[in-house]
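Here's the structure, in structure tokens; my notes come after.
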Amino acid sequence: MNKLPLLLLLGLFTLGCGGAAKKYAHFSAECNSTNNPDVCAKRGYYAYKLNKRDEAKETWQAYCQKGSKQACEWLLKYFNETTVKANSDKLNTTEVLTADEAEKYISRNVHWKIDSEPRGAIINYRINSSSEEIASTGSIYLERTPHEAVKRLDIKGLTQQNMKFVSIVLEVSKKGYYPQKKEFSVASVIQQGEISTYFELEPKDK
């Protein structure tokens, strides 16, 4: 049996791991020196690539609370978990929400702003839930791009405890173009008070 393909694959795998190890070392050093939340979130990413799952999770939890959107997104993507936080107007700091604060933020209005190139694309959305308390939905027609409105999420049964298991999936489609979709953590939407995104559609004959 020819061992060359096997050796080649083994070499590529080793090279890939070596690259991840170098990136991990680089971002670890930079995180330690700057304590930048986004840099430290990348350290967590390469820790995850090196199968250091516990370290990755702890890193993303810590720096999601410190304001790294990327850390929050990776925490949700790889561990189906997120940390709910909000900016305090009085203290100008970032803090974890209490149950009462969470209920207040759940009930507030959200700014929806969705656009695409080209415009005129159909927007559908659906609720994706892995919580037994909240039902997933089918696609619901919203409008055509551009769309901008201020309204409540109005997800029945949503609480601080189960919001981390719920997301909003936006789906945009237009004749002659490939459809696209994006998913947003409900916890993140509540924290930021908005769903703002842009789709650059790719023509099918390209």
Side-chain angles (χ1 to χ4, degrees), residues 37 41 44-45 48 53-54 56-87 94-116 121-174 178-201:
Y45 175 79
Y48 186 90
R53 293 175 60 88
D54 290 341
K57 186 175 182 179
E58 290 174 5
T59 299
W60 290 335
Q61 285 174 331
Y63 288 96
C64 176
Q65 291 187 32
K66 292 182 179 180
S68 171
K69 182 180 178 181
Q70 187 67 81
C72 297
E73 290 177 351
W74 279 328
L75 189 61
L76 179 67
K77 178 178 180 180
Y78 293 109
F79 293 99
N80 195 29
E81 180 179 321
T82 190
T83 300
V84 182
K85 59 188 179 59
N87 291 323
T94 299
E95 52 190 32
V96 178
L97 291 180
T98 66
D100 289 342
E101 289 170 332
E103 292 304 320
K104 179 184 73 175
Y105 276 86
I106 287 170
S107 64
R108 74 176 179 171
N109 289 332
V110 170
H111 181 205
W112 297 59
K113 186 176 182 181
I114 307 161
D115 205 350
S116 69
I122 295 172
I123 309 168
N124 288 294
Y125 75 94
R126 58 186 173 86
I127 305 300
N128 186 23
S129 171
S130 58
S131 168
E132 295 181 355
E133 301 166 319
I134 298 174
S136 296
T137 69
S139 292
I140 301 168
Y141 174 76
L142 185 61
E143 203 180 78
R144 288 181 180 267
T145 58
H147 170 71
E148 187 167 5
V150 177
K151 59 184 178 180
R152 288 185 58 186
L153 291 180
D154 195 25
I155 301 175
K156 297 186 184 302
L158 188 68
T159 67
Q160 181 194 17
Q161 287 71 35
N162 63 28
M163 66 171 66
K164 65 183 179 181
F165 302 114
V166 186
S167 61
I168 297 171
V169 182
L170 291 179
E171 302 169 315
V172 171
S173 61
K174 186 176 177 68
Y178 291 106
Q180 290 187 22
K181 66 180 180 179
K182 294 182 181 180
E183 189 166 4
F184 300 83
S185 158
V186 165
S188 177
V189 169
I190 290 173
Q191 169 203 327
Q192 297 172 11
E194 68 174 4
I195 300 175
S196 180
T197 189
Y198 174 81
F199 294 85
E200 187 166 350
L201 302 179

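Numbers here simply count residues along the sequence, with the first being 1. As a basis for the values below, the full set of heavy atoms in this structure was taken, side chains included, without hydrogen atoms, waters or symmetry mates.
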Atom [atom1] of [X] and atom [atom2] of [Y]: how far apart are they, to the nearest 0.5 Å?
X: T197; Y: Q180; atom1: OG1; atom2: CD; result: 9.0 Å
X: D115; Y: F199; atom1: CG; atom2: CZ; result: 10.5 Å
X: E143; Y: Y125; atom1: CD; atom2: OH; result: 12.5 Å
X: S130; Y: K164; atom1: OG; atom2: NZ; result: 10.0 Å
X: S139; Y: I123; atom1: OG; atom2: CD1; result: 13.0 Å
X: F165; Y: S185; atom1: CZ; atom2: OG; result: 11.5 Å

Exercise. E200 and S116: side-chain donor and acceptor closer than 3.5 Å?
Worked result: no
For this session: Check whether the side chains of E133 and N162 place a donor and an acceptor atom closer than 3.5 Å, and report yes or no.
Result: yes
Problem set entry | side chain to side chain contact (heavy atoms under 4.5 Å, CB included) assessment of W112 paired with E148 | CA-CA 5 Å; W112 297 59; E148 187 167 5; over 6 Å; no
Quick one: closest heavy-atom pair of [X] and [Y], and the distance?
X: V186; Y: M163; answer: CB-O, 4.2 Å
X: V150; Y: H111; answer: CG2-CD2, 4.1 Å
X: G44; Y: A56; answer: O-CB, 3.3 Å
X: K182; Y: Y198; answer: NZ-O, 2.7 Å
X: S129; Y: A135; answer: CB-C, 4.4 Å

Problem set entry | Flag side-chain contact, heavy atom, 4.5 Å: N109 against L153 | no
Problem set entry | Check: V166 and N128 side chains under 4.5 Å, non-hydrogen atoms | no
Exercise. Ring pair (Phe, Tyr, Trp, His ring centres under 6.0 Å) between W74 and Y63: does it pass, once the steps are laid out?
Worked result: CA-CA 11 Å; W74 279 328; Y63 288 96; over 10 Å; no
Seminar exercise, completed: Per side-chain contact (heavy atoms from CB on, under 4.5 Å), L142 is matched among N124, I122, I114, V172 by I114
Exercise. For I127 and V169, what are the C-alpha separation, side-chain angles and deciding distance, and is it a side chain to side chain contact (heavy atoms under 4.5 Å, CB included)?
Worked result: CA-CA 6 Å; I127 305 300; V169 182; over 6 Å; no
For this session: Give me the ring orientation class for Y78 and W60: parallel if the planes are under 30° apart, tilted from 30 to 60°, perpendicular past 60°.
Result: parallel
Problem set entry | Sidechain N-carboxylate O distance under 4.0 Å for R126, E171 | yes
Exercise. Heavy-atom count around D54 CG within 6.0 Å, excluding the residue itself: above 12?
Worked result: no
Problem set entry | Other residues, nucleotides, ligands: >12 heavy atoms within 6.0 Å of K151 NZ | yes
Exercise. Backbone N or O of H147 within a donor-acceptor pair of the T145 side chain at under 3.5 Å?
Worked result: no
